[in-house]
Protein chains: 2
Amino acid sequence: MQINWDDMRTILALVRAGTLAGAADALSVSYTTVARRVQRAEEMLGRPLFERRPEGYFASPEAEELARAAARMEVQEQAALRHLSGRDQGLSGPLTLTAPQLLIQTHLAPFLAGFCRDNPEIELTVRATNDVLDLTRREADLAIRISKSPGDNLVGLHLADQKTTCVALPEIVAGAISDPSATLDWVIYTGHSTPPKSALALYPNYRIRARFDDMTSLIAAAKAGLGVTRMPVYLGRNDPELQPLPGLEPQDYAPIWVLSHQDLLQSAKVRALKVALKQFFRTRRDDFTQIQSLP
Amino acid sequence: MQINWDDMRTILALVRAGTLAGAADALSVSYTTVARRVQRAEEMLGRPLFERRPEGYFASPEAEELARAAARMEVQEQAALRHLSGRDQGLSGPLTLTAPQLLIQTHLAPFLAGFCRDNPEIELTVRATNDVLDLTRREADLAIRISKSPGDNLVGLHLADQKTTCVALPEIVAGAISDPSATLDWVIYTGHSTPPKSALALYPNYRIRARFDDMTSLIAAAKAGLGVTRMPVYLGRNDPELQPLPGLEPQDYAPIWVLSHQDLLQSAKVRALKVALKQFFRTRRDDFTQIQSLP
DNA sequence: CTGCATGCGTGCATTTTTGCATGGGTGACA
DNA sequence: TGTCACCCATGCAAAAATGCACGCATGCAG
């Protein structure tokens, strides 16, 4: 009874995904290939591993057991690759960074352009996503996160503190100032149930017009005049269309960190990007905490 | 930075073997394939893994690290396959047994023939070797061993006790009887420094004519008249050319066990062979302890 | 020094693996 | 009920991996 290691990896992907297409995506092959590798593995082992159902491939207990073993193999593989990357002392080759979309758009893009110019041998990949990528599984080498704690096995470097501000179109702000007790429209982030308490202290009557699960959309909604919205100051402060609600101090918000896996601490590329990020954010510290730029 | 799992397995084999041909043997592929897989892995990782030397491939520290990870992956893979085999309740498919050559020649061969007839669906592979195969690495499902202790993670079933006897050609035996104080020639197993003490008590003067590290050769040497030799009674007792040295009680020797991995305890095939072995050895118990067959 | 065993690299034909295109089935939804 | 979005199986052609044959270097024994 023999088995091909890549077939085990395929079984793992299929158990995880549940469908041929899903597994194929994860492995960057076609689903036909997944189907045939599974078929081959079943022949090798002399027993069926998956039940073919109209809604997908259903894993038998045997397949699940193989997948558990394959998952443990994967941990070993990834640890080895991380260690290998960690040994890498050259400023060349691939380097992957993940960061929140908006931070890239507003601040990181020009910085990264400079970094690439300074390090022409580094092949930088940027994954602009709000999803939390798994640094342990090497989905990225570095992650810029807006969060309060680094996380397991990860090494964090604090880049900047952040505060939030409440902004809206000038006419809405003017209305609120002229009559603080009038009902104020809000657009808020999904998950928050009410506008910030400090705002309610000044403007107690509110109506929630909409909720969005995406900051870009939230900004667009505010610009469309849907209401007031709370956002990190780096987004609100320089937008010519939006204006802060007066009388409110900026509120604390989760700081910005850059994280990497312990194993990559010694990697020259990772260190280079961390150092550059630290320098960059030092010059821009106020962007994230001060409502108005200093003269 | 990506890597193919079978390439990791190849790196492991190459680090272990040190040469392309050796790794190729272990993997049952051609050495060309090993060379090309390594080349591909090196390209993927963007760094060399082996130093090509005239005497073979020399692993770099990176390759050794990858190999260590791959070895841990291998442990997982093999554990999974063992568990899978353990679930196997059918009396069909592959089954591998390892046993000492001589035991197969003299006793096991007819027994195994019967077992195969009784279980025509089982595809039995016999590995006749004196090397201790690794049941953990699934080099065999069952092992018949001449040894005092089963070993780690293995489950043993005692098949028979054994004794040894000292035999030689009739003329040598006759000479020893006629003059016990004459110098007696011996052929002994490598590792033993002297003939057995109980023999020296009766025949104190000895000369070691040769040492052999292989029992078959030892027997041939005894038959060629090189001297007296000590061997398990199952080998000596029925050989028409050889005769026991009189006055010596059979001496204790390591018993015969059949071993299998814990994970395979539930496998129907493994259990079937164990049961059959136990029954067979019960009827042949005396072959291994009595110098003369009973009338 | 020569023959021989062992080890490596490379070009080429063969085999295997892969992806694509097509067809069929099922369930959600207007 | 028709459409759409997902599933899956299979035939076929392209692409990749493999094995083989050959040539070359090295170390060792006679």
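Chain identifiers are assigned alphabetically (A, B, ...) following the order of the sequence lines, protein sequences preceding nucleic acid strands; residue numbering begins at 1 within each chain.
Side-chain contact between A/I11 and A/F50: present, with at least one pair of heavy atoms (C-beta onward) separated by less than 4.5 Å.
For the pair B/R40 CZ and D/dA15 C1', the computed distance is 13 Å after rounding to whole Å. Between the P atom of C/dT17 and the CG atom of B/N4 lies a distance of 13 Å, rounded to the nearest Å. We find that CE of A/M44 is positioned 13 Å from C1' of C/dT17, with the value rounded to whole Å. Separating the CG atom of A/D6 from the P atom of C/dT17 is a distance of 12 Å, rounded to the nearest angstrom. Distance, B/R52 CZ to C/dT6 P: 22 Å, rounded to whole Å. Going from atom CD of B/E51 over to atom C1' of C/dG7 covers 16 Å, rounded to whole Å. For A/F50 and D/dA9, the CZ to P distance is 12 Å, given to the nearest whole Å.
For the contact set between residues 32-39 of chain B and DNA chain C, defined by any heavy atom under 4.0 Å, the members are B/T32, B/R36. Taking every heavy atom of residues 18-26 of chain B and every atom of DNA chain C, pairs under 4.0 Å involve B/T19, B/L20, B/A21, by number.
In this view, B/F212 satisfies the ring-ring contact (aromatic ring centres under 6.0 Å, His included) rule with no residue, not counting sequence neighbours. B/T183 is linked by a side chain to side chain contact (heavy atoms under 4.5 Å, CB included) to B/N205, B/R207, counting only residues two or more places apart in sequence or in another chain. Not counting sequence neighbours, the partners of A/T106 by the side chain to side chain contact (heavy atoms under 4.5 Å, CB included) test are A/Y234, A/L235. Contacts of B/Q76 classified as side chain to side chain contact (heavy atoms under 4.5 Å, CB included), with partners at least two apart in sequence or in another chain: A/R72, A/M73.
For A/S60 and A/R47, the side-chain atoms include no donor-acceptor pair closer than 3.5 Å.
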Going through the distances and angles, do B/D7 and B/R40 end up as a salt bridge (Lys or Arg N to Asp or Glu O under 4.0 Å)? CA-CA 8 Å; B/D7 288 353; B/R40 184 174 58 192; 2.6 Å; yes
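Contact annotation: B/R53 side-chain N/O to D/dA25 OP1/OP2 distance is not under 4.0 Å.
Atom CD of residue B/E77 and atom CG of residue A/N4 lie 9.5 Å apart, to the nearest 0.5 angstrom.
Donor-acceptor pairing under 3.5 Å, judged by distance alone, is present between the side chain of B/Y31 and the base of C/dG9.
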